[in-house]
Amino acid sequence: MAQVILQQVTKRYDGNNEYTIFPTDLSIKDKEFLVMVGPSGCGKTTTLRMIAGLEEITDGKIFIGETLVNDLQPKDRDIAMVFQNYALYPHMNIFDNMAFGLTLRNFAKEEIQKRVENAAKILDLTTYLDKKPKQLSGGQRQRVALGRAIVRDPKVFLMDEPLSNLDAKLRVSMRAEIRKLHKRLDSTTIYVTHDQTEAMTMGDRIAIFNKGRIQQADEPQKVYDHPANKFVAGFIGSPAMNFIKCTVKNSGGQNYEICGLNKEFAIKYADKDNKLGKYNDKKMTLGVRPESFELYKNAAPADNLIDINADLVELLGSERYVHFKIGDDNAVAKFESGCGVHESDKIKVRVITEKIHLFECDTEDEKTVV
């Protein structure tokens, strides 16, 4: 296997001076599973296709292993790609579909037989090798597409939204199958998806794209806990992070209060790292994940409480999502299903100050302050 390195890789289409992909640096380690994630049109698939050689790069360098592949055809890059639509030949049986790439490369019949049978065994497809694709389920066809890539024994696997055509239950099981397959093959894999749940559960690292730029690339938990900016914070996590307009007020020394614009709340915050001094009396955006609200049932006064009205309550078995407003901003809190909150209830919630985020409002990308 091999590492993949992008150095200042850019993409502009003919006659268009605007970047589709801004200068991008990214290093995928040998045997790493990297997930590229982001909304439609953010540039993740274009980046994958440039690595594959299916899109020309405008500028920059792409290395696979020690080889500069800018001018190499896809067939010469030693990669295997798994597409969203499986791309199986309907007139061929499963064996021939999996063997097709090897046949084109003039592999010996014995070697083809060995590789296809090994891949079929790994993917539990042995009993289907003489069937046609139309006789298989969507999940089985996706495994055939994976098998066709495995038999190549490439340096790098590239996967472009391979699970998007499957139903929700099958996607969950196939996520686990692909992850186990990656560990078994010890392969370098680059996986594209728009589904942040896939990204969080599958990737050793995730690279979050938006508008042709990588916003952050890190381990999933680090991205979740320490988002680089407001876009990443809102994109990663379900339900999404709540964003609430606020101001920052110094209350003496390193102590601050984060207040609602109309005094709907006042959260005490000890600024041990001296990050908030320059934001005193400025408008900011408070970020609170739904699980960072605690239901407060005690009658005694306490710090960091917000009075809310439960506008909508969604019961999801083990959890309850409580929707409410803070000033003009919509918010949702996640509680245990037995919390006893119902629609139209007036309740108090406490904000866990150790888990809040503050974002600048004057910068275009609204970088995380805390």
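Under the 4.5 Å side-chain heavy-atom criterion for grouping Ile, Leu, Val, Met, Phe, Trp and Tyr, Leu72 is connected to Leu6 within one hydrophobic cluster. Residues Phe335 and Tyr296 do not share a hydrophobic cluster, clusters being chains of Ile/Leu/Val/Met/Phe/Trp/Tyr side chains in contact below 4.5 Å. A continuous path of hydrophobic side-chain contacts links Leu295 to Val288 [ILVMFWY only; heavy atoms under 4.5 Å]. A chain of hydrophobic side-chain contacts below 4.5 Å, direct or via other Ile, Leu, Val, Met, Phe, Trp or Tyr residues, connects Leu54 to Ile79. Leu125 and Leu170 fall within the same hydrophobic cluster, where Ile, Leu, Val, Met, Phe, Trp and Tyr residues are linked whenever their side-chain heavy atoms come under 4.5 Å apart, directly or through other members.
Taking both residues in full, the closest heavy atoms of Asn280 and Val248 are given as OD1-O, 3.5 Å, listed atom of the first, atom of the second, then distance. Scanning both residues, Ala149 and Val82, for their nearest heavy atoms gives CB-CG2, 3.8 Å. Across Val151 and Leu102, no two heavy atoms sit closer than the pair O-CD2, 3.7 Å. Residues Ile57 and Met50 share a closest heavy-atom pair of CG2-SD, 3.4 Å. Taking each heavy atom of Thr368 and Pro227 in turn, the nearest pair found is OG1-O, 2.5 Å. Across Gln142 and Tyr86, no two heavy atoms sit closer than the pair OE1-CE2, 2.9 Å.
Under the 3.5 Å distance criterion, the side-chain polar atoms of Asn250 are matched with a main-chain donor or acceptor of Gly252. Using modelled atom types, no side-chain atom of Glu319 and backbone atom of Leu316 make a donor-acceptor pair closer than 3.5 Å. A donor-acceptor pair under 3.5 Å is formed between the side chain of Asn242 and the backbone N or O of Val332. For Thr10 (side chain) and Thr58 (main-chain N/O), no donor-acceptor pair under 3.5 Å exists by modelled atom type. A donor-acceptor pair under 3.5 Å links the side-chain atoms of Asp329 to the main chain of Lys245, judged by distance alone. Although no hydrogens or angles enter the test, the distance criterion places no donor-acceptor pair under 3.5 Å between the side chain of Arg320 and the main chain of Glu336. In this structure, Arg148 contributes its side chain and Met98 its backbone to no donor-acceptor pair below 3.5 Å. Within the 3.5 Å criterion, the main-chain N or O of Ser187 finds a donor-acceptor partner in the side chain of His182. No donor-acceptor pair under 3.5 Å is formed between the side chain of Glu360 and the backbone N or O of Val369. Judged purely by atom type and a 3.5 angstrom limit, Thr103 uses its side chain to pair as donor or acceptor with the backbone of Ala99.
The closest side-chain heavy-atom distance from Ile62 to Asn70 is below 4.5 Å. Two residues are said to be in side-chain contact when any heavy atoms from C-beta on lie closer than 4.5 Å; Phe83 and Pro162 fail this criterion. Residues Asn118 and Lys114 are in side-chain contact: their nearest non-hydrogen atoms beyond the backbone lie under 4.5 Å apart. Residues Phe265 and Ile244 meet the side-chain proximity criterion, which asks for heavy atoms closer than 4.5 Å. Proximity of Ile206 to Met200: side-chain heavy atoms (C-beta onward) are separated by under 4.5 Å at one or more points. Here the side chains of Phe293 and Arg350 are not in contact, with every heavy-atom distance at 4.5 Å or above. Looking only at side-chain heavy atoms (C-beta outward), Ile150 and Leu181 come within less than 4.5 Å of each other. Between His357 and Val370, the closest side-chain pair of non-hydrogen atoms is not below 4.5 Å.
Under a cutoff of 6.0 Å and an axis angle of 45°, Lys275 and Tyr279 do not form a cation-pi pair. Arg289 forms a cation-pi arrangement with Tyr224, by the criterion of a distance under 6.0 Å to the ring centre and an angle within 45° of the ring axis. A cation-pi arrangement is found for Arg12 relative to Tyr19, the charged atom lying closer than 6.0 Å to the ring centre and inside a 45° cone about the ring normal. With a 6.0 Å cutoff to the six-membered ring centre and a 45° limit on the axis angle, Arg213 counts as a cation-pi contact of Phe22.
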Pair Phe100-Phe95, ring-ring contact (aromatic ring centres under 6.0 Å, His included): steps then yes or no: CA-CA 9 Å; Phe100 186 71; Phe95 182 97; over 10 Å; no
Check against side chain to side chain contact (heavy atoms under 4.5 Å, CB included), Phe157 and Leu185: CA-CA 11 Å; Phe157 288 94; Leu185 298 175; 4.0 Å; yes
Chi angles and distances behind the side chain to side chain contact (heavy atoms under 4.5 Å, CB included) call for Asn229, Gln215: CA-CA 8 Å; Asn229 55 44; Gln215 304 295 309; 3.0 Å; yes
Thr197/Arg175 under side chain to side chain contact (heavy atoms under 4.5 Å, CB included): CA gap, chis, key distance, verdict: CA-CA 10 Å; Thr197 302; Arg175 281 205 311 255; 4.0 Å; yes
Val37/Asp195 under side chain to side chain contact (heavy atoms under 4.5 Å, CB included): CA gap, chis, key distance, verdict: CA-CA 7 Å; Val37 64; Asp195 185 333; over 6 Å; no
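Counted within 6.0 Å of NZ on Lys334, heavy atoms from surrounding residues, nucleotides or ligands total more than 12; the atom is thus considered enclosed. Within a 6.0 Å radius of CG in Asp130, other residues, nucleotides and ligands contribute more than 12 heavy atoms. Other residues, nucleotides and ligands contribute more than 12 heavy atoms inside 6.0 Å of the CD atom of Gln8.
The existence of a salt bridge linking Lys121 and Glu117 is excluded, since no basic side-chain nitrogen approaches an acidic carboxylate oxygen closer than 4.0 Å. The residues Lys325 and Asp311 are annotated as not salt-bridged, no charged nitrogen and carboxylate oxygen being separated by less than 4.0 angstrom. Look at Asp204 and Arg179 and you find a salt bridge, because one of the NZ, NE, NH1 or NH2 atoms lies within 4.0 Å of a carboxylate O, short of that distance. Ion pair Arg205/Glu32 flagged as a salt bridge, since at least one NZ, NE, NH1 or NH2 atom sits closer than 4.0 Å to an Asp/Glu carboxylate oxygen. Salt-bridge annotation for Glu55 and Lys11: present, with a side-chain N of the basic residue lying under 4.0 Å from a carboxylate O of the acidic one. Between Lys249 and Asp281 there is a salt bridge, since at least one side-chain N of the basic residue sits less than 4.0 Å from a carboxylate O of the acidic one.
Counting only N and O atoms by type, the side chains of Glu257 and Tyr269 include no donor and acceptor under 3.5 Å apart. Between the side chains of Gln7 and Asp25, not a single donor N or O lies within less than 3.5 Å of an accepting N or O. Inspection of the Ser164 and Gln84 side chains reveals an N or O donor paired with an N or O acceptor under 3.5 Å. Counting only N and O atoms by type, the side chains of Glu198 and Tyr191 include a donor and acceptor under 3.5 Å apart. Defined by atom type and a distance below 3.5 Å, a donor-acceptor pair is present between the side-chain atoms of Asp160 and Thr45.
Relative ring orientation between His91 and Tyr89 is described as perpendicular, the plane-to-plane angle rising above 60° on a 0-90° scale split at 30° and 60°. The aromatic rings of Phe359 and Phe243 stand perpendicular to each other, their planes meeting at an angle above 60°, with 30° marking the opposite boundary.
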